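The structure under discussion appears below in the form of structure tokens.
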Protein chains: 2
Amino acid sequence: MKLYSNHPKHFVAVDCAIFGYRNEELCLLLYPRGFEPSQGKWSLMGGFIQKNESSEEAAKRVLNETTGLKNIYLEQIETFTQPNRDPEARVISIGYYALSRMDEYDEKTVREHGAHWWPITELPQMIFDHANMVEKALIKLQQKSGYSIVGKELLPEKFTLMQLRKLYEAIFQREFDPGNFRKKILSLDTLQRLNTKNYSESKKGAFYYKCQNSKSEKILDRIVKI
Amino acid sequence: MKLYSNHPKHFVAVDCAIFGYRNEELCLLLYPRGFEPSQGKWSLMGGFIQKNESSEEAAKRVLNETTGLKNIYLEQIETFTQPNRDPEARVISIGYYALSRMDEYDEKTVREHGAHWWPITELPQMIFDHANMVEKALIKLQQKSGYSIVGKELLPEKFTLMQLRKLYEAIFQREFDPGNFRKKILSLDTLQRLNTKNYSESKKGAFYYKCQNSKSEKILDRIVKI
DNA sequence: ACAAAAGTGTTGCGGCTACACCCATGA
DNA sequence: TCATGGGTGTAGCCGCAACACTTTTGT
């Protein structure tokens, strides 16, 4: 029964890069570290994996505790194992990224933790190897966005094609031709046009669309050349 | 100093899906499990992460011990954390896949461990969640192959374009048009034609090519539509 | 009238596919 | 001479990028 007992055990944590979209910018939710070492630096939200808990369950627990979010979209980035990555003790960390719709997370819970949304174009210094995690997370998010309509996870339920395009411009940090983007997205046949219009961003008014759940799940044709 | 001490520690292992190419087939190196439970099933090569050792170092150590290979190409798949995935004890496993050139591994070392190369089209039953790991590993390998010439890691130093095409057909489990494949690969401008020819597979003789190390490293244009 | 977003149409280029077609040579 | 792989060329299709153009309406 003790086949493995001559091997060492390790602390195993999860760290979550939480992406959100506000003010036409892709943002990351970070928490300030209040004690030395690395006081004043910022940190991804993390926590230790408990007994009888998978890493995904741990990530969901951490996300719920800090943002109030449930049923959030979650994807594993990779696992970071440098023995000295945490100066306090050896901790193996499984990285996740999460996508948070701005209309669903709990502002109060977030504030209580002193968290702050940072635009990904101007991130502060982060502890340990968290900057590396964020870089890998962003690449993964771009890959996902290149093959599926990510509006469902980051925009409100109803959104205009311009809002979706601005989101993609924030994710890929480049501009897309409005006409071509519209045609490409609609050709995928996964959005459903609603009968209501948004007049807040143009005089003419733009139709709202929403994702058809059944179709938007699957992997689509390539949307963006990576 | 004991900030983390109220959290549990876990066994952490690495498991390696070792791919090789022989007889025009993509193969996987598996080891028979000689004891209950799961006797008679086959297993990926694995081992536990030691103190002061990163997961990549652990994977390299395991590969060297079982195949004699050094400087092998290695990539992380993902981390498997279901609490009950190993019935013996809770073990968190970081999956890797490795690419082994058939002319470089040590046949004797492999035989000593009772290992066997299985074509990926007819894999045996495997222990735990190893079949799942292999599935994910193959997808990752296809993604890599779609954007870089993977011949460098799986073929001998010198190879013909037909050999490279057969390798791609084995990886993607579909056929490629010989003329188009040749033109696509050569257009990437990362292979160097040698002055020698291979006469063993055709009467006319086909030029050998080799990878130009400097160029084949970077990510190329898409080779195969995934 | 003008600006700004919504939405549609058009054109040209480049890449991919599906072939046809030569060459060389061993059986 | 025939089959087989080596190697080149080409015509058609499709997707994408660039950009023109029309519509709508608030200022």
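By convention in this document, chain letters (A, B, ...) are assigned in the order of the sequence lines, proteins followed by strands, and residues within each chain are numbered from 1. Source: prediction; values computed, not measured.
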What's the verdict on salt bridge (charged side-chain N to carboxylate O under 4.0 Å, His left out) for A:Glu53 and A:Arg61, showing C-alpha distance, side-chain angles and the deciding distance?
CA-CA 10 Å; A:Glu53 179 189 53; A:Arg61 176 175 53 75; 2.6 Å; yes

Would you please test A:Arg165 and A:Glu169 for salt bridge (charged side-chain N to carboxylate O under 4.0 Å, His left out) and show each step?
CA-CA 6 Å; A:Arg165 176 167 57 84; A:Glu169 291 179 343; 3.3 Å; yes

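For the atom pair CD1 of A:Ile94 and CD1 of B:Ile94, the computed distance is 7.0 Å after rounding to the nearest 0.5 Å.
Mapping B:Asp177 and A:Ser202 onto DNA chain C by nearest heavy atom places A:Ser202 closer to the 5' end of the strand. Of the residues near DNA chain D, A:Lys184 and B:Phe207, the one whose nearest nucleotide (by heavy atom distance) lies more toward the 5' end is B:Phe207. Projected onto DNA chain C by closest heavy-atom contact, A:Ala206 and B:Ser187 fall at different nucleotides, the more 5' of which corresponds to A:Ala206.
Between B:Lys197 atom NZ and D:dG6 atom C1' there is a gap of 8 Å when expressed in whole angstrom units. Going from atom CG of B:Leu164 over to atom P of D:dG6 covers 12 Å, rounded to whole Å. Atom CZ of B:Arg174 and atom P of C:dA18 are 9 Å apart (whole Å). Summarising the geometry, the separation between CZ on A:Phe181 and C1' on C:dA5 is reported as 15 Å, rounded to the nearest angstrom. In this structure, CG of B:Asn180 is placed 13 Å from P of C:dA20, rounded to the nearest angstrom. To the nearest angstrom, P of D:dG7 lies 13 Å from CG of B:Leu191. The nearest whole Å value for the distance from the CG atom in A:Leu186 to the P atom in C:dG9 is 13 Å. Here the C1' atom of nucleotide D:dC16 and the CG atom of A:Leu188 are 14 Å apart, to the nearest Å.
Across all strands, A:Tyr199 comes closer than 4.0 Å to no nucleic acid atom at all (heavy-atom distances). At a threshold of 4.0 angstrom between heavy atoms, the contacts of B:Lys183 include nucleobase atoms, whether or not backbone atoms are also involved.
Comparing C:dA6, C:dA4, D:dG7 against the side chain of A:Lys203 picks out C:dA4 as the nearest. When the nucleotides D:dG7, D:dG26, D:dA18 are ranked by their closest atom to the side chain of B:Arg182, D:dG7 comes out on top.
The shortest distance between side-chain heavy atoms of A:Tyr209 and A:Leu186 falls below 4.5 Å.
Note: B:Tyr97 and B:Tyr73 have tilted aromatic rings, judged against thresholds of 30 and 60 degrees for the angle between ring planes.
Judged by distance alone with a 3.5 Å cut-off, a donor-acceptor contact links the side chain of A:Lys204 to the base of D:dT23.
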